[in-house]
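Everything below concerns the one structure shown next.
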Amino acid sequence: MTRVLVIGSAMILAVGPFAAAQSVLEPGTVPVVQSGAEDTAPARHQVLFNLYQTPVMTVFIADADGADPRALVPDLGLEYSPAFSPDGEWVVFTAEPDGQADLYRIRPDGTGLERLTDDPAFDDQGDLSPDGRTLAFVSTRARGTADIWLLDLASKAASNLTDHPSGNFRPRWSPDGAWIAFTSDRDAEPGDQPGMWEHLQSTGVYVVRPDGTGLRRVTAPGGVAGSPSWSADGRRLLFYETDPVGAYLAKSGGSRTELASVEVATGERVQHTASRETKLSPAWLSGGRIGYVSRAGGDQGGLRIRHPDRRVETVIAGAVRSPSWSPDGRQVVYERIERLGHTQHMVPAFSPDPEFELFLHEPFVSFSPDGESMIFSQYRDRFSDATGLTASNPSDSSLEIMSVDGSGQRTLFHREGTSAFSADWSAARDEIVLSVGRYFRRPGLPAAQVAVIDPDGSDLRMVVDDEVNNGFPSWSPDGGRIVYKGGRRLFVMPADGGDPVAITGPDHYSNFPHWSPDGSRILFTSNRDGDFELYTVRPDGTDLRRLTHAPGNDAHSTWCAGGEWIVFSSSRTGFKDEMALYDSVPQPYGEIFAMRADGSDVRQLTDNKWEDSGAVCVPERVGRLRQESAP
């Protein structure tokens, strides 16, 4: 069924039962979806992208003491954010069976699975009202940013409760149904991680009535307060707290967070813990106990209970996240994470736009000039003592080659402990340029450099080798020149040797250069005007043109459709959850967008809570990729 999405004066077609375009919407604009005739035409463009460090996880249920743990939900892809209903009859959760997040509920015995939302937008973090009639949840269906919505389960009518261009998360009904507590980053601009480009987040706890009145903040300004939990009498809210840098470091268990509560009526604050651990997702339990998640490896990590006498016990060890206890305290549901990141090879992904067909794939894809082969990076594994999880390791990756039909994969280059990434073919198909080294590194470690290798994996030779951190090379279409990032600047050098020439200045940071298919311009990202935006420039450094003007960072851009389109990653829609709740994902606000080569006709192609990166269009010379089933 074709759907027509009307956004202001623009109209965009979308395909499929969940399809609609999630473009960048003006505040207050509401998408209108209409039914139409069946559309079976294939997408004009195929795009590969990577989900970076996305956890492999499912929803589990166990006795409150940790006994009898078992998977609650049948295989629905990624499953997360479980929450018991107030009467204990249901567990609400989020799943991505088709790659798009929607809300479901299921009985605690695993029966009665029911889909609650069916929308092309991102829906997550559901919580049922005490009377069981209304679902509070997070959705991007208004403007692309995360709002709190209310869904009447009988009529299926949905309304936007917060209706604010900020990020709003983790709604929780009060025991009497008179209030909804939630977190929001609406009153803060914490900036970026010092010395880095990742955004920080500052959230506070707010309350609002279900009719939208009475909105107020109940935690102190500044800092980070998250994941509110009501006391049984509805007088207090329990939450974790830290500062913006602490929330960023909490993703890897690298910061200390504390648990505190506030009396909603008076604002009186009480701190309940003082321990060196990353404590998240707190909940009031009977007898003065507090349940929470400790993000750590070994015996210290997992689901823990703090008793009134300050004794702490671990009831479920390991990578447990987002717990919710039954009203009688006898059972607990939670996320069980198996690992972070997984292999992705041409796996079909949800697309909201009929012109763009999406596939998940390993990062940094480049196609050979004859369209027969593709090269890409393959992450190796590492084990984190901090979180107790095996994860994909960007600091140890190989350069792989295989046929475009997915056969014949082999390793071109791998050096243990270094990265091989962002490779590009020469026009003659006789050489491949790539980045080699520890580009994504801590200060003091050896820098990455630019190298050339033959397609059979032989004759690796450095073409840029100095003390500067270099990378992300791109070959000119005629094969005569290479553009690359050297330190904070972009350089162009002759492919057969010679001195590089800077085409951007030293007073700002420029990165990710890509030569246009006709060789006339170089596409890149730069923070010369504040945020990282996309620009093009001639190969001699003249005629600079700015393409994007949205808040947030735009980066990792590549040309598409012979230079007609550009695909890129952007943070313009903001966070969709509290930063501290993620496991290691550096930039969980990254979504894939497409736009015309002049910066017009911007379209959002992905809408999820993960880091989408490395978008690459399949060139026309390749033909259409063969679809594989999701693993």
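Everything quoted here is computed from the prediction, not taken from an experiment. Both backbone and side-chain heavy atoms feed into the values below; hydrogens, waters and symmetry mates do not.
Side-chain contact, Asp119 with Thr117: no donor N or O sits under 3.5 Å from an acceptor N or O. Between the side chains of Ser294 and Glu277, at least one donor-acceptor pair of N or O atoms lies under 3.5 Å. Side-chain contact of Ser174 with Asp176: a donor-acceptor pair under 3.5 Å is present, judged by distance alone. Side-chain contact annotation: Tyr240 with Glu578, donor-acceptor N/O pair under 3.5 Å present. No hydrogens or angles considered: nothing links the side chains of Asn553 and Ser571 as a donor-acceptor pair under 3.5 Å. For the residue pair Asp211/Thr213, the side-chain donor-acceptor check at 3.5 Å is satisfied. Using a 3.5 Å distance cut-off with no hydrogens or angles, the side chains of Glu591 and Ser570 do not pair a donor with an acceptor.
Taking OG1 of Thr183 as the reference point, atom CG of Leu581 lies at 8.0 Å (rounded to 0.5 Å). Distance check, rounded to the nearest 0.5 Å: CG of Asp612 to CG of Asn50 gives 9.0 Å. Within the model, atoms OG1 of Thr145 and CZ of Phe575 stand 13.5 Å from one another, a figure rounded to the nearest 0.5 Å. The distance from atom CG of Leu153 to atom OG of Ser129, rounded to the nearest 0.5 Å, is 7.5 Å. For the atom pair CG of Asn608 and OG1 of Thr54, the computed distance is 7.0 Å after rounding to the nearest 0.5 Å. From Leu360, atom CG reaches atom NE2 of His342 across 6.5 Å, with rounding to the nearest 0.5 Å.
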One pair to check against side chain to side chain contact (heavy atoms under 4.5 Å, CB included): Leu135 and Arg105. What are the steps and the verdict? CA-CA 11 Å; Leu135 179 73; Arg105 66 177 177 180; over 6 Å; no

Evaluation steps, side-chain hydrogen bond (donor to acceptor under 3.5 Å, both in side chains), between Tyr589 and Gln201: CA-CA 11 Å; Tyr589 38 75; Gln201 184 190 48; over 6 Å; no

Does the salt bridge (charged side-chain N to carboxylate O under 4.0 Å, His left out) test come out yes or no for Glu89 and Arg107, once each step is laid out? CA-CA 6 Å; Glu89 294 296 315; Arg107 301 286 185 183; 3.5 Å; yes

Go through Arg141 and Asp123 one step at a time and tell me if the salt bridge (charged side-chain N to carboxylate O under 4.0 Å, His left out) criterion holds. CA-CA 8 Å; Arg141 58 184 70 189; Asp123 294 337; 2.6 Å; yes

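Looking at residues two or more places apart in sequence or on another chain, you find a side-chain contact (heavy atoms from CB on, under 4.5 Å) between Ala67 and Asp63, Asp65. Under the side chain to side chain donor-acceptor pair (under 3.5 Å) criterion, Ser202 pairs with no residue, sequence neighbours left out. In terms of the salt bridge (charged side-chain N to carboxylate O under 4.0 Å, His left out) criterion, residue partners of Asp577 (sequence neighbours excluded) are, by chain and number, Arg170, Lys609. For Arg310, the side-chain contact (heavy atoms from CB on, under 4.5 Å) partners at least two apart in sequence or on another chain are Arg306. Remark: Ser286 engages Arg289 in a side-chain contact (heavy atoms from CB on, under 4.5 Å) (not counting sequence neighbours). Residues meeting the side-chain contact (heavy atoms from CB on, under 4.5 Å) test with Arg269, sequence neighbours left out: Glu241, Ala260, Gln271. Applying the salt bridge (charged side-chain N to carboxylate O under 4.0 Å, His left out) test to Arg276 and every residue at least two apart in sequence or in another chain returns nothing. Here Arg339 pairs with Asp381 under the salt bridge (charged side-chain N to carboxylate O under 4.0 Å, His left out) rule; sequence neighbours left out. A search for side chain to side chain donor-acceptor pair (under 3.5 Å) contacts involving Asp185 returns nothing, not counting sequence neighbours.
A salt bridge links Arg143 to Asp163: at least one charged side-chain nitrogen sits closer than 4.0 Å to a carboxylate oxygen. Salt bridge status for Arg336 with Glu338: absent, with no side-chain N to carboxylate O gap under 4.0 Å.
Judged by distance alone, the side chain of Thr278 and the main-chain N or O of Ala250 form no donor-acceptor pair under 3.5 Å. No side-chain donor-acceptor contact under 3.5 Å links Arg172 to the backbone of Ser227. For Ser326 (side chain) and Gln331 (main-chain N/O), a donor-acceptor pair under 3.5 Å exists by modelled atom type. Checking side-chain atoms of Glu263 against main-chain N and O of Arg235 turns up no donor-acceptor pair under 3.5 Å.
Residue pairs meeting the ring pair (Phe, Tyr, Trp, His ring centres under 6.0 Å) criterion with at least one member in residues 284-310, sequence neighbours excluded: His272-Trp284. For the ring pair (Phe, Tyr, Trp, His ring centres under 6.0 Å) condition, the pairs that include at least one residue of residues 161-184, sequence neighbours left out, are Phe182-Tyr206. Judged as a ring pair (Phe, Tyr, Trp, His ring centres under 6.0 Å), the pairs with a partner in residues 93-115 (not counting sequence neighbours) are, in order, Phe93-Tyr104.
For Arg603 and Phe356, the positive end is not near the middle of the six-membered ring at less than 6.0 Å and at most 45° from its axis.
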